[in-house]
Amino acid sequence: MEIETYQVVRPDGSFDADRVPDVDDEALRDLYRWMLLQRVYDNRATKLQRRGRLGTVASGRGQEAAIIGSGFALSQDDWIFPYGREAGALLMHGLSMRDLLLYWRGIEDASKMEGANIFGMAISIGSHIPLATGKAWGMQLAGEESIAFANLGDGATSTGAFHEGMNFAGVLDAPAVYFCQNNQYAISLPFEKQTNADTVAQKALAYGVDGIRVDGNDVLAVYNAVSKARERALEGNPVLVEAVTYRRGAHTTSDDPTRYRSEEEVDEWEKRDPLERYQAFLEETGRWDDIDEEAIREEVEEEFSAAVDAADEFEERGIEEIFSYLHEETPPELQRQLEEFRELLEERPDMYEYIETRPKG
Ligand SMILES: Cc1ncc(C[n+]2csc(CCOP(=O)(O)OP(=O)(O)O)c2C)c(N)n1
Ligand SMILES: [Mg+2]
């Protein structure tokens with residue numbers, strides 16, 4: 001089965017003029033700004049984690065075009081179901097950097113995501129896919145002109161939840177877009193060992209859903225593909241988009257990728273850097289001179305530092321919140337566990353010490 005990989009800008013910077021999206025210069029510049037923000041954010045967050053000030057970080061390095069191109073194609077009314085690497089897209093859609101940092105510090109509900117249509121992150125791989133389908137169906141029943149957008153990895157397509165979510169999307173004509181960032185690995189497992197299918201996009205066919213395959217390191221191609229997918233979804237045709245890309249960093253800060261992949265492979269993908277490719281396009285079309293790269297960097301660095309300060313001021317609310325977070329009224333079984341836990345802490349306060357003494361701020 002041959003599925004075309006849609007592209008606008010080729011790795012050498014040459015491009016297909018008919019495919020350049022019909023957006024103004026400011027939008028074209030913004031795309032660069034957001035990709036750079038994603039890169040700077042990932043660098044800073046990774047360093048912060050190394051200093052023990054974040055629990056873990058899942059970097060989007062190498063995937064900036066996929067993350068930003070897709071986020072940029074969405075409306076503020078759409079609902080995003082994130083999976084962890086898409087900081088830039090979430091910040092674009094109303095999440096504050098402080099709250100994002102607090103999330104990676106283990107505080108999930110700093111903002112309760114107020115003001116942003118962003119669901120909790122799917123740490124349990126694939127679990128958000130049926131939820132996105134359900135949300136999309138609900139929005140359709142309510143007559144809303146918006147879609148549910150699930151961000152997922154290639155690994156998520158090997159879960160049962162993917163199958164269920166896609167199947168129901170097809171059956172229900174749900175206004176949903178499933179955006180798979182095929183970064184070639186699920187932690188250490190390469191794509192070929194995970195599925196016998198040549199592409200993710202072809203899986204859509206079996207569900208009676210549209211499938212699009214796109215060069216995930218080409219921000220304009222991703223933007224076009226997701227814009228198109230969004231239009232189709234609003235007409236009641238769910239779409240699976242596969243963005244072919246590469247995870248250049250470690251899976252998370254607790255992974256060592258040199259143990260399972262070659263330097264040559266990583267070098268090969270370095271050459272397909274999404275920012276460099278887009279810069280070449282901007283230069284070619286006379287837009288690069290309007291971009292002050294240093295100024296963007298400085299601005300993001302400052303924003304990041306301010307977000308760290310704001311996160312440091314957040315008062316932790318104690319272990320008991322684990323028991324009260326989900327339910328309006330604590331059910332009897334949880335109440336019992338809470339009491340048991342309190343007794344345990346009285347007897348063995350040291351059990352909780354490591355959390356209390358972890359580096360503050
Ligand atoms: C249901 C479930 N199984 C296993 C894990 C452990 N795990 C965390 S991330 C991951 C791989 C995810 O790969 P992919 O979906 O390709 O996303 P990527 O990290 O490459 O962006 C796995 C197996 C998990 N979080 N949830
Ligand atoms: Mg992956």
Side-chain angles (χ1 to χ4, degrees), residues 5 35 38-39 41-42 45-46 49 54-71 80-90 100 103-104 106 108 119-133 149-166 177-204 213-217 222 226 240-262 265-266 268-269 272 274:
T5 304
M35 283 206 286
Q38 173 79 44
R39 183 154 294 180
Y41 170 88
D42 282 330
T46 302
Q49 194 279 342
L54 291 180
T56 187
V57 169
S59 164
R61 188 174 182 82
Q63 297 174 224
E64 294 89 349
I67 293 166
I68 298 305
S70 61
I80 300 181
F81 289 70
Y83 88 121
R85 291 193 197 281
E86 65 281 79
L90 304 183
L100 195 52
Y103 178 87
W104 292 116
E108 294 199 22
F119 204 78
M121 285 196 210
I123 294 302
S124 178
I125 298 299
S127 58
H128 59 322
I129 300 168
L131 303 183
T133 305
F149 177 86
N151 231 323
L152 51 130
D154 44 294
T157 68
S158 302
T159 65
F162 172 79
H163 171 72
E164 291 164 18
M166 294 297 302
V177 173
Y178 305 88
F179 183 68
C180 175
Q181 296 188 43
N182 181 354
N183 63 6
Q184 313 303 324
Y185 286 90
I187 314 186
S188 56
L189 197 72
F191 185 69
E192 306 73 50
K193 287 203 177 151
Q194 200 181 144
T195 174
N196 201 30
D198 291 333
T199 70
V200 168
Q202 74 196 57
K203 296 186 185 222
R213 192 166 203 255
V214 60
D215 184 332
N217 285 16
V222 174
V226 176
L240 172 64
V241 181
E242 174 187 11
V244 182
T245 182
Y246 192 76
R247 192 199 78 214
R248 287 204 346 226
H251 169 70
T252 63
T253 39
S254 29
D255 168 51
D256 173 11
T258 62
R259 295 178 61 170
Y260 55 81
R261 65 184 190 185
S262 72
E265 184 185 290
V266 179
E268 204 41 55
W269 281 92
R272 294 177 224 171

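From a predicted model like this one, the values you see are computed outputs, not experimental measurements. Each ligand, and each atom within it, is numbered from 1 in the order the structure gives.
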Pair Gln202, Thr199: side-chain N/O donor-acceptor within cut-off below 3.5 Å: yes
Where ligand 1 meets Gly153 - atom numbers and elements under 4.0 angstrom, heavy-atom basis: 14 (P), 15 (O), 16 (O), 17 (O)
Non-hydrogen protein atom less than 4.0 angstrom from atom 6 (C) of ligand 1: no
Residue, atom name and distance, where the atom is the protein heavy atom closest to atom 25 (N) of ligand 1: Ile123 O, 2.8 Å
Arg247 and ligand 1 - part of the residue with a heavy-atom distance under 4.0 Å: neither
Atom of Asp154 nearest the Mg ion (ligand 2) (restricted to N/O/S, atom name only): OD1
Atom 26 (N) of ligand 1: the protein heavy-atom neighbour that sits closest, reported with distance to 0.1 Å: Ile125 N, 3.0 Å
Numbered atoms and elements of ligand 1 in range of Asn183, under 4.0 angstrom, heavy atoms: 18 (P), 20 (O), 21 (O)
Atom 16 (O) of ligand 1 - nearest protein heavy atom and its distance: Gly155 N, 2.7 Å
Element-labelled atoms of ligand 1 that are located less than 4.0 Å from some non-hydrogen atom of Ser124: 1 (C), 26 (N)
Arg213 bridged to Asp198 by N-O distance under 4.0 Å: no
Asn151 versus Gln181, side-chain donor and acceptor atoms under 3.5 Å: yes
Rounded distance (nearest 0.5 Å) linking atom NE2 of His251 with atom CG of Leu189: 12.0 Å
Qualifying residue for ring-ring contact (aromatic ring centres under 6.0 Å, His included) with Tyr185, from Trp269, Phe191, Tyr260: Tyr260
Separation of Arg248 CZ from Arg39 CZ (nearest 0.5 Å): 5.0 Å
Contact bool for atom 3 (N) of ligand 1 (protein heavy atom, d < 4.0 Å): no
Proximity of Arg85 to ligand 1 by residue part, where a heavy atom lies under 4.0 Å: side chain
Least distance between heavy atoms, Gly155 atom then Gln194 atom: CA-OE1, 2.8 Å
Straight-line distance of Tyr83 OH to Ile125 CD1, nearest 0.5 Å: 8.5 Å
Geometry at the Mg ion (ligand 2) - Tyr185 O versus Asn183 OD1 angle, rounded to 10 degrees: 90°
Per-residue contact class, Asp154 against ligand 1 - non-hydrogen pairs under 4.0 Å: both
Atom pair CE/CH2 of Met121 and Trp104 - distance to nearest 0.5 Å: 5.0 Å
Proximity to ligand 1 by part of Thr159, non-hydrogen separation under 4.0 Å: neither
Polar contact flag, side-chain donor to acceptor under 3.5 angstrom, Asn217-Thr245: yes
Non-hydrogen side-chain atoms of Phe162 and Leu240 separated by less than 4.5 Å: yes
Ligand 1 contact on Tyr185 by region, counting heavy-atom pairs under 4.0 Å: backbone
Contact atoms of ligand 1, heavy-atom distance to Ala156 under 4.0 Å: 15 (O)
Heavy-atom nearest neighbour in the protein, as seen from atom 22 (C) of ligand 1, with distance rounded to 0.1 Å: Ile187 CD1, 3.7 Å
